[in-house]
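Bear in mind that the values here come from a model prediction, so they are computed numbers and not experimental data.
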Amino acid sequence: MVSQVQSAKCTTGNPVHVPHEWYEPGDLVIGAMASHIYYVVLELSFKKHPFYEFIDIPQVVTKFYQQILALVFAVDEINKNPRLLPNVSLGFHIYDSYFDSKMTYRNTLDLLFKSHHFVPNYRCSIQKNVIGVVGGLSSDTSWCMANVLGLFKMPQISYGSFEPVINDGTKYPSFYRMVPNEALQYRGIIQLLLHFRWRWVGLITPANEAGERFLQNIEPMLFKNGICSAFTEVVDCWVSYFQSMHEDDEHPNKDLEIEQLAKWPTVSLHSFLQRISFNNSAGDEIMLNEYGELAAGLDITNLVTFPNRSYIRVKVGRLDPQAPPGKELTINEDRIKWQRAFTQVPPPSLCNDKCLPGYGKKKKEGKKFCCYDCDPCPEGMVSNEKDMETCVSCPADQYPNKGQDLCIPKIPNFLAFDETLAIVSTFSALLFSLITILVLGIFIKHRNTAIVKANNRSLTYGLLISLLLCFLSSLLFIGKPNMVTCLLRQKAFGIVFSVALSSILAKTILVVLAFMATKPGTNMRKWVGKELAYSIVFSCSIVQVGICVLWLATSPPFPDVDMHSMKKEIIFLCNEGSVPMFYCVLGYMGLLATVSLTVAFLSRKLPDTFNEAKFITFSMLVFCSVWLSFIPTYLSTRGKYMVAVEIFSIFASGAGLMACIFAPKCYIIVVRPDLNNREQLTQRKL
């Protein structure tokens, strides 16, 4: 039978009167701390003894009386079963915490030391042998009990949840909890908020140590997961407890049955309580982890209310700590019944609207990080999702669209064969080549005529062949660059043009020497001949060949891509390898052209017999003008247009040489053959 000890029998020396306790003797005694009665403590005025104020307004939480009955029933069941504790009787001593920290500390000391007199830390002829304590219902009560019980190495089985504490020097934890620990609940709260994308939340905590501990633990977790607390409201403890009185009659830990409660005192008698498991009457496995905690998860319950203000609890999910990482939380959203007043489900919980794609977050001064402005992405950057923290740059081969919310692949840029510009260039190259071949054919056919002989046939043939190769070299610049074309482009162009310019220079020098050889008493006649012409062409051309060989040996060109010069295009190009070597090739061509122009200009007024100096002067003026304008134009363009500029320069300079040097001669040979004789050439200006 349960005997309620009257406080009057054991108040001698008590500093504070304890009005309620339940005791049954036994060889071994289970202590317990119930949470059944609550006193509304009025403000103390110090005008009368506080004792009378303390017991003046008692409140009884009737639903929690089942906790007391459960322990009584468990002890009774154990004593009836001789297989559990043979030859040993089990008793209990139950106190009430009164939902008050001071009384919890006081009554915990009573459990350990009180017999007839209260003498803390001394066991004076005590008749009871407390071997473990059960309680309390709330984490706040459990924590207060643990502070005392931990000092005396007394095992505690707690209904409330808190962080595990292990006493040094013992082989078992201080606490053995019948619910999952508090850390799991925190993780569950965070995962639940993240699941519904709630980033702007309010925190309501009781005005006690548990509430402070909750804020200390949850706020860093909220910050780490990008969640802000809009406000923090601290309420008195009694409000929380009396609100819970209006809930259903089931204890929050409803999965724990009476039979399970009966087994807990037996379990607490063991020295090692780590990793224990047993089955309850429903066949469910009950496991304790290494801290003596219940290794179980948490149910997620939806409170469904009805118009008559009644409600039911509907299980909509579960938090399972044993599940693989990332899958601990499971929610069946189809079972959730949202309030009809919500215009959107799940209801949003944000400080401000999410930033649209194309915008990034900008912090508001003086506000929490969940509150921000939305700024358009800077040029060249995008955000392709809602509420992105910052805009990001597109990959090098992509560019932002107009709305800056999508990266678009860049278009390849090179002078493809099927483009109009490439087709025109190819046609022009073939046309000029055909004209050059035609002119060469005319000169070969009329090689024995006066005008052909007078202009050094060998140099003329060499000049025409080099011009033909110049026109054909432009085809190397069309199409997607590859290793072969990159190696040959500038070298072929530079060498064949150098041969052409060397031939023109040789022609000009021979004109000067021929005039000097006609003067009486001079010995210059021996210098006029093919050997000198060939020597000039070879020596001038070999220098350009040497420059190109050095270029290939040190830093040869290679196929490359330029992803940054143009916003929407990838330029496929030939990286010249060494830019100075490229300009050395152009510079040497310029040197040959300048020397040829100078010599031709100085000899333009010599007697007209065999004199090409005037035509060479005009052709060199055209050539130099083209290539002087080429350099700034080439440097100011990109991609296929840069290639087109070089092709145009090849055509313009080659066509200028053809027109200025060979057009007058072809006219005489084809149209006026009557002028193509020695006498006419001697009398007439070419």
Side-chain angles (χ1 to χ4, degrees), residues 139 161-163 179-206 210-234 252 293-304 313-339 341-364 367-374 383-392 405:
S139 59
S161 59
F162 41 80
E163 294 299 322
V179 295
N181 70 36
E182 202 167 70
L184 178 63
Q185 297 184 40
Y186 293 149
R187 293 201 305 271
I189 292 172
I190 297 298
Q191 291 189 38
L192 196 64
L193 295 176
L194 293 177
H195 176 83
F196 290 111
R197 297 180 177 86
W198 291 335
R199 304 280 180 171
W200 189 239
V201 300
L203 301 178
I204 302 177
T205 66
E212 294 177 4
R213 190 166 60 254
F214 169 76
L215 293 177
Q216 291 173 358
N217 287 304
I218 200 68
E219 287 186 334
M221 297 177 71
L222 292 174
F223 178 81
K224 183 179 179 180
N225 288 275
I227 303 171
C228 297
S229 56
F231 63 88
T232 301
E233 189 73 24
V234 179
E293 303 167 343
L294 185 64
L298 299 170
D299 288 343
I300 299 173
T301 304
N302 179 205
L303 200 66
V304 181
R313 295 177 181 269
V314 178
K315 179 180 175 181
V316 296
R318 181 163 178 78
L319 183 68
D320 184 5
Q322 309 300 325
K327 297 183 178 180
E328 298 93 344
L329 181 70
T330 56
I331 293 181
N332 184 355
E333 296 195 29
D334 293 337
R335 303 195 66 186
I336 300 177
K337 302 296 182 184
W338 300 99
Q339 290 286 346
F342 292 147
T343 58
Q344 178 182 346
V345 292
S349 182
L350 300 168
C351 180
N352 46 256
D353 292 336
K354 293 183 177 181
C355 292
L356 297 174
Y359 292 80
K361 294 181 180 179
K362 180 182 179 182
K363 187 181 184 303
K364 286 184 177 180
K367 301 291 184 180
K368 291 192 175 183
F369 65 89
C370 288
C371 304
Y372 47 83
D373 292 320
C374 298
S383 63
N384 55 3
E385 296 179 2
K386 280 188 176 182
D387 219 33
M388 286 187 65
E389 291 291 334
T390 57
C391 300
V392 297
D405 57 0

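- Between Val392 and Met388 the shortest heavy-atom distance is CG1-CE, 4.4 Å.
- Put simply, the side chain of Glu219 reaches to within 4.5 Å of the side chain of Leu203, judged on heavy atoms.
- Contact annotation: the side chain of Leu194 approaches that of Ile227 to within less than 4.5 Å [non-hydrogen atoms, C-beta and beyond].
- Arg313 has its side chain out of reach of Asn302: every pair of non-hydrogen atoms, C-beta onward, lies at least 4.5 Å apart.
- For the ring pair (Phe, Tyr, Trp, His ring centres under 6.0 Å) test, residues two or more places apart in sequence or in another chain that qualify with Phe369 are Phe223.
- By the side chain to side chain contact (heavy atoms under 4.5 Å, CB included) test, Thr390 is found to be paired with no residue, residues two or more places apart in sequence or in another chain being considered.
- Leu350 is linked by a side chain to side chain contact (heavy atoms under 4.5 Å, CB included) to Arg199, Lys354, counting only residues two or more places apart in sequence or in another chain.
- Shortest non-hydrogen contact noted between Asn352 and Cys371 is OD1-CA, 3.3 Å.
- Not counting sequence neighbours, Tyr359 has no partner by the side chain to side chain donor-acceptor pair (under 3.5 Å) test.
- Across all non-hydrogen atoms, the minimal contact from Cys370 to Gly226 is SG-O, 3.7 Å.
- Residues that satisfy the side chain to side chain donor-acceptor pair (under 3.5 Å) test with Lys367, not counting sequence neighbours, are absent from this structure.
- Of the inter-residue distances, the one linking Asn225 atom CG with Arg187 atom CZ reads 12.0 Å to the nearest 0.5 angstrom.
- Annotation: ring pair (Phe, Tyr, Trp, His ring centres under 6.0 Å) contacts of Phe214 (sequence neighbours excluded): Tyr186.
- Between Gly211 and Thr205, the shortest heavy-atom distance links the atoms CA-CB, 3.9 Å.
- Taking every heavy atom of both residues into account, Gly188 and Leu319 meet most closely at CA-CD2, 3.3 Å.
- Side-chain contact between Trp200 and Pro348: absent, with no pair of heavy atoms (C-beta onward) separated by less than 4.5 Å.
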- Task: Would you sort out whether Tyr372 and Cys355 count as a side-chain contact (heavy atoms from CB on, under 4.5 Å), showing the intermediate values?
- Result: CA-CA 9 Å; Tyr372 47 83; Cys355 292; 3.6 Å; yes
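- Rounding to the nearest 0.5 angstrom, the gap separating the CD1 atom in Ile336 from the OG1 atom in Thr301 is 11.0 Å.
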Which donor-acceptor pairs under 3.5 Å do the side chains of residues 325-335 make with protein atoms, sequence neighbours left out?
| residue | atom | partner | partner atom | Å |
| --- | --- | --- | --- | --- |
| Glu328 | OE1 | Gly326 | N | 3.0 |
| Thr330 | OG1 | Arg318 | O | 3.4 |
| Asn332 | OD1 | Asp334 | N | 3.2 |
| Glu333 | OE2 | His195 | NE2 | 2.8 |
| Arg335 | NH1 | Lys315 | O | 3.1 |

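- By the side chain to side chain contact (heavy atoms under 4.5 Å, CB included) test, Phe231 is found to be paired with Ile204, Glu233, residues two or more places apart in sequence or in another chain being considered.
- Contact detail for Asp405 and Gly358: the closest heavy-atom pair is CB-N, 3.8 Å.
- Side-chain atoms of Phe196 and Pro347, non-hydrogen and from C-beta on, never get closer than 4.5 Å to each other.
- With sequence neighbours excluded, the residues satisfying salt bridge (Lys or Arg N to Asp or Glu O under 4.0 Å) with Lys361 are Asp387, Glu389.
- Residues that satisfy the salt bridge (Lys or Arg N to Asp or Glu O under 4.0 Å) test with Lys368, not counting sequence neighbours, are absent from this structure.
- Listed by chain and number, the residues in a side chain to side chain donor-acceptor pair (under 3.5 Å) with Thr232 amount to none (sequence neighbours excluded).
- Not counting sequence neighbours, Glu385 has no partner by the side chain to side chain donor-acceptor pair (under 3.5 Å) test.
- One finds the CZ atom of Arg197 at 13.5 Å from the OG atom of Ser349 (value rounded to the nearest 0.5 Å).
- For NZ of Lys386, the number of neighbouring non-hydrogen atoms (other residues, nucleotides, ligands) closer than 6.0 Å is 12 at most.
- Residue-environment remark: NZ (Lys337) stays at or below the threshold of 12 foreign heavy atoms within 6.0 Å.
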